[in-house]
Student: 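Handing you a structure now.
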Amino acid sequence: MKFGGTSVEDAAAINRSCHIVEQRLPRKPFVVVSAIGGATNNLLEAGALAARGEIGKAMEIAERLEKRHAELLESTAEQFIRLRELLKALGAIGEFSPRTQDLVASYGEVLSSLIFADRMKRLGFDAVHVDARQCLITDDRFGKASPIVDITTVRLEEAARPHLNAGRVVVMGGYIGATSTGVTTTLGRGGSDYSAAIVGATLNAEEIQIWTDVDGMMTTDPRIVPTAWKVREISFDEASELAYFGAKVLHPLTVLPAVEKNIPVYILNSRKPVGTGTRITREARPCRNLIKSIAVKKGITVLTVSSSRMLMAHGFLKALFEVFDRHRTSVDMVATSEVSVSLTLDSLSSLDAILEDLRPLGDVEITSKAALICLVGNNLKYTPGVARRAFGSLPDINILMVSHGASNINFSFIVDEKDATTAVQRLHADFFNEIDPEVFEPAG
Ligand code: ASP
Ligand code: MG
């Protein structure tokens, strides 16, 4: 059971989460917690300020963090003495290396896990705190470390199995680990989901529950379609296609270690613990609806590069993509004709520099304010006529680009941003006019 930052943000949230654990005691829960909401950002900000010489501001942040944590646990003083010393040292050194960033950030999960274990005990449950830095052993790629599976498995088994067998709840901080020589590391931002998947996979959990603040995955953004359904079950591949759309749900890749072992992953709402959430599985089970979800992303820019040099030539695409590589900008959709290439970007941070580098390759046309609409569903693999059906409900909407086939569970196209809401509403009304009750249910 993994509880994210909002599920442990204050005393009320922690109590609620502890009672969710209580309800599952017979199933021998292993609890992984994130830092309390906002703590990781605060810690990294304090470290950056200290390294820039703004030690006063850094200490103010430490002060506020200590206050929040001290309300939740009595014995936090020692941790904060060490954190302050660390911040002072950063001020003296004047740099904030990835290795030190991990050390500073680790205080969030160290504290939240101590707090959660303490709260379980005070509520009268048998609980034990396990230090992630003793069990989750990683390489030394600071800021994005990967677990070393065999040592981690042995350590986790030793640290947790006897307690679990004795009916004790094990509580561990997510996101953090240590190298085999004991240097603190982190798995990357949002890494607590990854920690939960690693624990679940190594200890062969029955299932993994990611407790967050949304009901699960939806058939589309409920701000666009208030009657959107909750998706009860989705395959890992489908969830991965949707990840790009920034739904405030987990990034599926982080739970891959569990999915590979065929351990189902649930997304659940800690504010509505009776909900059934969304279940992510390795294989999609049969669904009577053609698609599972319609995602939309606004603020897309379409670039079209046209050049007669492209005719019958090779190496053009290579030169083109090198430009995006150089500016570290990812391209999301591509369509080519004999004399032109259209592609989409969702980040404009290097647009001017990119345009400058593209000009020698051909004429560049820019369409800003576009939206990407994406239909995702395993059944698209087997069903002909999806394009006709999708575009059938959009006879008056101009389609700027289309993509289908790369992963054949995704049908995507680009429209003008001003048409996006109407398009999604019509598509949703058509594709989810009737729903398979095994797979969808009303939200809330
Ligand atoms: N606390 C870490 C972060 O904010 C890890 C997590 O929340 O999963 O990135
Ligand atoms: Mg988080």
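Position 1 is the first residue of the sequence; numbering continues from there. This one's a predicted model, so the numbers in the text were calculated from it and none came from an experiment. Atoms within each ligand, like the ligands themselves, are counted from 1 in listed order.
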Student: Give me the one residue out of Thr186, Thr184, Thr138, Thr185 that meets side-chain hydrogen bond (donor to acceptor under 3.5 Å, both in side chains) with Asp102.
Tutor: Thr186
Student: Please report whether ligand 1 has a polar contact with Tyr175, defined as an N or O pair separated by less than 3.5 Å (distance criterion only).
Tutor: no
Student: Consider every N or O of Gly190 and every N or O of ligand 1, then say whether any pair is closer than 3.5 Å.
Tutor: yes
Student: Taking atom types as modelled, find out whether Lys292 and Asn378 have a side-chain donor-acceptor pair closer than 3.5 angstrom.
Tutor: no
Student: List every atom of ligand 1 that sits less than 4.0 Å from any heavy atom of Arg189, numbering the atoms from 1 in the order shown and giving each element.
Tutor: 3 (C), 4 (O), 9 (O)
Student: Given that the side chain starts at C-beta and the backbone is N, CA, C, O, which of these parts of Ser34 lies under 4.0 Å from ligand 1, counting heavy atoms, or is it both or neither?
Tutor: side chain
Student: Would you mind telling me which of Thr153, Leu156, Ile198 makes a side-chain contact (heavy atoms from CB on, under 4.5 Å) with Leu203?
Tutor: Leu156
Student: Give me the ring orientation class for Phe80 and His69: parallel if the planes are under 30° apart, tilted from 30 to 60°, perpendicular past 60°.
Tutor: tilted
Student: With a cutoff of 4.0 Å, is Gly5 in contact with ligand 1, counting heavy atoms of the residue only?
Tutor: no
Student: Distance-only, no hydrogens or angles: does the His327 side chain make a donor-acceptor pair with backbone N or O of Thr329 under 3.5 Å?
Tutor: no
Student: For ligand 1, which atoms sit closer than 4.0 Å to a heavy atom of Glu109?
Tutor: 1 (N), 2 (C), 5 (C)
Student: Look at ligand 1 and say whether Gly4 reaches it with a heavy atom at a distance under 4.0 Å.
Tutor: no
Student: Determine whether the aromatic ring centres of residues His129 and Phe116 are separated by less than 6.0 angstrom.
Tutor: no
